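Below is one structure, written out as structure tokens; the observations come after it.
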There are 2 protein chains.
Amino acid sequence: MPAVARTSTEAMVAAGRRIIEHDGLDALTMLAVADAVGVRGSSLYKRVSGRDALVVMIAEQVIGELVEAVDQALDGEDAARDLRAFANAFRAFAHRNRATYPLLFDAQAGPVSPAVLERSAAPVRRVVAALAGPEHELSAARMLTAWAHGFVSMELAGAFQLGGDVDEAWEYALDGLITALSRHD
Amino acid sequence: MPAVARTSTEAMVAAGRRIIEHDGLDALTMLAVADAVGVRGSSLYKRVSGRDALVVMIAEQVIGELVEAVDQALDGEDAARDLRAFANAFRAFAHRNRATYPLLFDAQAGPVSPAVLERSAAPVRRVVAALAGPEHELSAARMLTAWAHGFVSMELAGAFQLGGDVDEAWEYALDGLITALSRHD
DNA sequence: ACCTGAACACCGTTCAAGT
DNA sequence: ACCTGAACACCGTTCAAGT
């Protein structure tokens, strides 16, 4: 009648994330996760409703860390400096999580929960508010996030292959964004 | 000894694309494609090496059409007008191809061929060259593409859910980009 | 209350055999 | 030269049976 819990949801999320990062999303099979946490495949369904749900949980954990990373990069003193710091921390995080980053805004994986979405929007809005002013805060935040996400996802997908210096393109755009967001028109 | 070809690679690509657009990427099974083109599953492997290869072929066809769409939106007269036209054609195309667009810069699906990549870069470079000048052409093209791709992919993924007017954010960023790319510094 | 083995439906892919 | 049926390995998921 008793029962011994031999694994946990956190262990499954951690294992799944490790598998994706090491061998790619296709390698994330329920059996591979079960093996990694030391349980049989069918036992996983006590904790998650299925593979898709597990992927979403992994994505939400990664988002959480991304928000933390960009948040710590800000100091609230110089708006332009903070925008650079935000973008650079964003990009560095994506590079440190090459395989899981693409899950974050993946239409296929389904959207993350609104709560997570809202928390993740906070630091971006803070960064741009000082530059663009409150009336353009949301639009400016969307401009910055769209560019940063687009850039790193194209970069990670290998879409920048026509030569040139990718870092230079990053800096060029960063300068341009500061100019653009400082308009106050 | 003879042989009758009962289908074609183009028919398979078209069927696959239809399946993705109607029922999502997961619904693209080799059997579903075979059914759609009127052949048995095992026959598909005469024409494509596997499911992954078929997805890449679909992605390349979609990219080709995207390039054509943005190309036709340009008139070469007014640089700022062309940038707007480019971006709006880009976004409209993505909305018309909600399910297949996410394949384009998908790290998972693997990169499209360098040849396709080069052809697709041409119109963007043309658009920004007039504004940003030749020395910043590549960086400016990357800024514009990154933003446009990031914006529409986040939009399609349902990432813009914190209220506000998404169209307004699009226009705001478009204005900002024109400002930023016109610097000539 | 959690774990297990067995089972099911469904994949992608291969290949010998047909015409 | 292309098509087919059968087979293989491998999925995700369910569920009755164990402890």
Side-chain angles (χ1 to χ4, degrees), chain A residues 1-61 99-100 102-103 106-110, chain B residues 1-61 99-100 102-103 106-110:
Chain A
M1 229 100 136
V4 189
R6 275 199 259 271
T7 184
S8 64
T9 309
E10 306 93 79
M12 286 170 49
V13 170
R17 190 168 166 187
R18 230 156 28 226
I19 291 167
I20 297 177
E21 213 56 72
H22 284 159
D23 299 306
L25 186 57
D26 287 345
L28 181 81
T29 85
M30 293 305 266
L31 212 90
V33 173
D35 273 355
V37 300
V39 105
R40 300 298 186 167
S42 48
S43 298
L44 301 179
Y45 295 85
K46 279 280 136 163
R47 306 183 195 281
V48 301
S49 65
R51 197 193 103 116
D52 289 351
L54 182 60
V55 172
V56 170
M57 293 169 92
I58 294 170
E60 295 196 338
Q61 176 172 291
T100 42
L103 265 48
D106 184 23
Q108 183 65 12
Chain B
M1 230 100 137
V4 188
R6 274 199 259 269
T7 183
S8 65
T9 308
E10 305 94 79
M12 287 171 50
V13 170
R17 190 169 165 185
R18 229 158 26 225
I19 291 167
I20 296 176
E21 213 57 72
H22 284 158
D23 298 307
L25 186 58
D26 287 346
L28 182 81
T29 83
M30 294 303 267
L31 211 88
V33 174
D35 273 356
V37 301
V39 106
R40 300 296 187 169
S42 48
S43 298
L44 300 179
Y45 295 85
K46 278 281 135 161
R47 306 184 196 281
V48 300
S49 64
R51 198 192 102 115
D52 290 351
L54 181 59
V55 172
V56 171
M57 292 169 93
I58 293 169
E60 295 195 339
Q61 176 172 292
T100 41
L103 266 49
D106 183 23
Q108 184 65 9

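Since this is a predicted model, take the numbers as computed values, not measurements. Reckoned from all heavy atoms, side chains included, excluding hydrogens, waters and symmetry mates.
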Take atom CG of Leu44(A) and atom P of dG5(C), then tell me their distance rounded to the nearest Å.
13 Å
The side chain of Ser42(A) is closest to which nucleotide in this list: dT4(C), dC2(C), dC3(D)?
dT4(C)
Are side-chain N/O atoms of Asp106(B) and Gln108(A) paired as donor and acceptor at under 3.5 Å?
no
Leu25(B) CG to dC11(C) P: how many Å, rounded?
13 Å
Using the test salt bridge (Lys or Arg N to Asp or Glu O under 4.0 Å), find all partners of Arg17(A) that sit at least two apart in sequence or belong to another chain.
Glu65(A)
May I ask you to list the residues of residues 14-21 of chain A, by number, that have any heavy atom positioned under 4.0 Å from an atom of DNA chain C?
none
When you look at Leu103(A) and Val56(A), which way does the side chain to side chain contact (heavy atoms under 4.5 Å, CB included) test go after all the steps?
CA-CA 8 Å; Leu103(A) 265 48; Val56(A) 170; over 6 Å; no
From CA spacing to verdict: side chain to side chain contact (heavy atoms under 4.5 Å, CB included), Leu54(B), Ile58(B)
CA-CA 6 Å; Leu54(B) 181 59; Ile58(B) 293 169; 4.2 Å; yes
Rounding to a whole Å, what distance do you find between Asp52(B):CG and dG12(C):P?
10 Å
Can you measure from CZ (Arg6(B)) to CZ (Arg40(B)) and round to the nearest 0.5 angstrom?
10.0 Å
Check the distance between dA16(C)'s C1' and Arg40(B)'s CZ and give it to me in whole angstrom.
17 Å
By nearest nucleotide on DNA chain D, pick out whichever of Tyr45(A) and Arg47(B) is the more 5' one.
Arg47(B)
Pick base, sugar-phosphate or nothing for Thr29(B), based on heavy-atom distances below 4.0 Å to the nucleic acid.
sugar-phosphate
Out of dG5(C), dC3(D), dT13(D), which has the shortest distance to the side chain of Ser43(B)?
dC3(D)
Can you measure Asp26(B) atom CG to dC10(C) atom P for me and round it to whole angstrom units?
15 Å
Quick one: stems for DNA chain C, with Watson-Crick or G-U pairs under 3.5 Å, at least three in a row?
C:4-8 with D:12-16, C:12-16 with D:4-8
Contact class for Thr7(A) (heavy atom, under 4.0 Å): base, sugar-phosphate, or nothing?
sugar-phosphate
Looking at dT4(C), dT13(D), dG12(C), which one has an atom nearest to any side-chain atom of Met30(A)?
dT13(D)
Winner on side-chain proximity to Arg51(A), out of dT13(D), dC2(D), dC3(C), is dT13(D)
Between P of dC10(C) and CG of Asp35(B), the distance in whole Å
13 Å
Can you see which heavy atom on Ala27(B) is nearest to which on Ala32(B), and at what distance?
O-CB, 3.7 Å
Show the nearest heavy-atom pair for residues Ala53(A) and Ser49(A), with the distance to one decimal.
CB-OG, 3.3 Å
If you look at every strand shown and take non-hydrogen atoms under 4.0 Å, does Leu54(B) touch a base, only sugar-phosphate, or nothing?
nothing
Provide, to the nearest angstrom, the distance between the NZ atom belonging to Lys46(A) and the P atom belonging to dG12(D).
19 Å
Look only at the side chain of Arg47(A) and the backbone of Glu10(A), and say whether a donor-acceptor pair between them is shorter than 3.5 Å.
no
For the side chain of Arg51(B) and the backbone of Leu28(B), is there at least one donor-acceptor N/O pair under 3.5 Å apart?
yes
Please tell me if Arg6(B) has a side-chain N or O lying less than 4.0 Å from either OP1 or OP2 of dC2(D).
no
Within this structure, what is the CE-to-P distance between Met12(A) and dC2(C), rounded to whole angstrom?
13 Å
